[in-house]
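Before any comments, here is the structure.
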Amino acid sequence: MTDPAHSSRNRFPGKVVVVTGSGSGIGRQTALAFATEGAQVVVADVDTDGAARSVAEIEAAGGQAIVCRVDVSDDESVREMVELTISTYGRLDVLHNNAYWAPLNRSVTETSLPEWDRTIAVTLTGVFLGCRHAIPVMIEGGGGAIVNTASVAALAASPRFGAYVAAKGGVVALTRSVAFDYGSRGIRCNAVAPGLIETPATEAVLADPERRAWLTGKILVGRAGQPSDIANAVLYLASDESAFMTGQTLVVDGGRLIS
Ligand SMILES: NC(=O)c1ccc[n+]([C@@H]2O[C@H](COP(=O)([O-])OP(=O)(O)OC[C@H]3O[C@@H](n4cnc5c(N)ncnc54)[C@H](O)[C@@H]3O)[C@@H](O)[C@H]2O)c1
């Protein structure tokens, strides 16, 4: 569902946008929102069925998009994602590093080394690789905007989620570092930190009424977030409306962190 307040806007005509992890959840909604506002979108995901469903949704709404199979933890695969973007659309203006993987409900002592390594590889190294391959072509094209998906879990303690929290903390720090190093060459890099959002990743936990009530009880706006709440923030950070912002992490959590 595209936010009706934004469906009539057109902030990205002629822009080319890559969204990783856009075969589901927040990434799918963000890809749809970019396409609705005129962008040509590369729907990049390891799950090509999910990516194809996102592209079908975008096309049904009158937008333009292609499927790209990518494993964001793999250097060569991310290089190919950028190459496909350039060979298809000729440029790259916006990268939304959004894919993640993490084991649920694990304290540090319960987390195996392969689980830790995979979490860091997808959730943190994936952001590094996206930046590493996109920045040179963005600079060649005159600049660009990178928006990374962090999490409120990077900014406050989160129970039994150690590997994920560490990876997202890295995303917040890397966002600042990229902003610092490439600001003078026309690259802005910001992050969005979602609170609790209703996506397939949180479906199981929110299906339990008691857990839902406990989790949403401290959200000041009185509900869980929707993917469109995050898509709206991502489009703001990717657009010229945020031209004087870089290196920042924008919290979008219904007020949970301050409650
Ligand atoms: N849902 C929430 O409550 C919430 C809260 C804070 C942060 N986030 C963040 O938002 C982002 C999106 O989460 P979501 O809730 O939409 O999850 P989701 O599970 O719906 O979507 C994640 C997508 O990432 C893809 N993916 C996984 N491994 C990949 C890989 N190696 N290469 C490419 N794609 C891969 C999956 O196939 C899936 O399509 C994540 O970065 C997540 O950490 C979500």
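Predicted model only: the values in this text are computed from it and were never measured. Just so you know, these numbers use all the heavy atoms, side chains as well, and skip hydrogens, waters and symmetry mates. Atoms within each ligand, like the ligands themselves, are counted from 1 in listed order.
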Ligand 1: protein N/O within less than 3.5 Å of ligand N/O:
residue: ligand 1; atom: 1 (N); partner: Ile197; partner atom: O; Å: 3.3
residue: ligand 1; atom: 1 (N); partner: Thr199; partner atom: OG1; Å: 3.4
residue: ligand 1; atom: 3 (O); partner: Gly195; partner atom: O; Å: 3.4
residue: ligand 1; atom: 3 (O); partner: Ile197; partner atom: N; Å: 2.9
residue: ligand 1; atom: 3 (O); partner: Ile197; partner atom: O; Å: 3.4
residue: ligand 1; atom: 15 (O); partner: Thr199; partner atom: OG1; Å: 2.6
residue: ligand 1; atom: 16 (O); partner: Ile26; partner atom: N; Å: 2.9
residue: ligand 1; atom: 20 (O); partner: Ser24; partner atom: OG; Å: 2.6
residue: ligand 1; atom: 31 (N); partner: Asp71; partner atom: OD1; Å: 2.9
residue: ligand 1; atom: 32 (N); partner: Val70; partner atom: O; Å: 3.3
residue: ligand 1; atom: 32 (N); partner: Val72; partner atom: N; Å: 3.0
residue: ligand 1; atom: 34 (N); partner: Val46; partner atom: N; Å: 3.4
residue: ligand 1; atom: 37 (O); partner: Asp45; partner atom: OD1; Å: 2.6
residue: ligand 1; atom: 39 (O); partner: Asp45; partner atom: OD1; Å: 3.4
residue: ligand 1; atom: 39 (O); partner: Asp45; partner atom: OD2; Å: 2.6
residue: ligand 1; atom: 41 (O); partner: Asn98; partner atom: O; Å: 2.8
residue: ligand 1; atom: 41 (O); partner: Lys168; partner atom: NZ; Å: 2.8
residue: ligand 1; atom: 43 (O); partner: Tyr164; partner atom: OH; Å: 2.6
residue: ligand 1; atom: 43 (O); partner: Lys168; partner atom: NZ; Å: 3.0

Supply the atom-to-atom distance Gln40 CD to Asp93 CG, rounded to the nearest 0.5 angstrom.
9.5 Å

Who are the ring-ring contact (aromatic ring centres under 6.0 Å, His included) partners of Tyr100, not counting sequence neighbours?
Tyr164

Suppose we screen for side chain to side chain contact (heavy atoms under 4.5 Å, CB included). Which residues come up paired with Glu110, at least two apart in sequence or across chains?
Arg106, Ser107, Arg160

So does Glu76 have more than 12 non-hydrogen atoms from other groups sitting under 6.0 Å from CD?
yes

Which atom of Thr119 lies closest to which atom of Pro103, heavy atoms considered
OG1-CD, 3.2 Å

Residues in ring-ring contact (aromatic ring centres under 6.0 Å, His included) with Phe128, at least two apart?
none

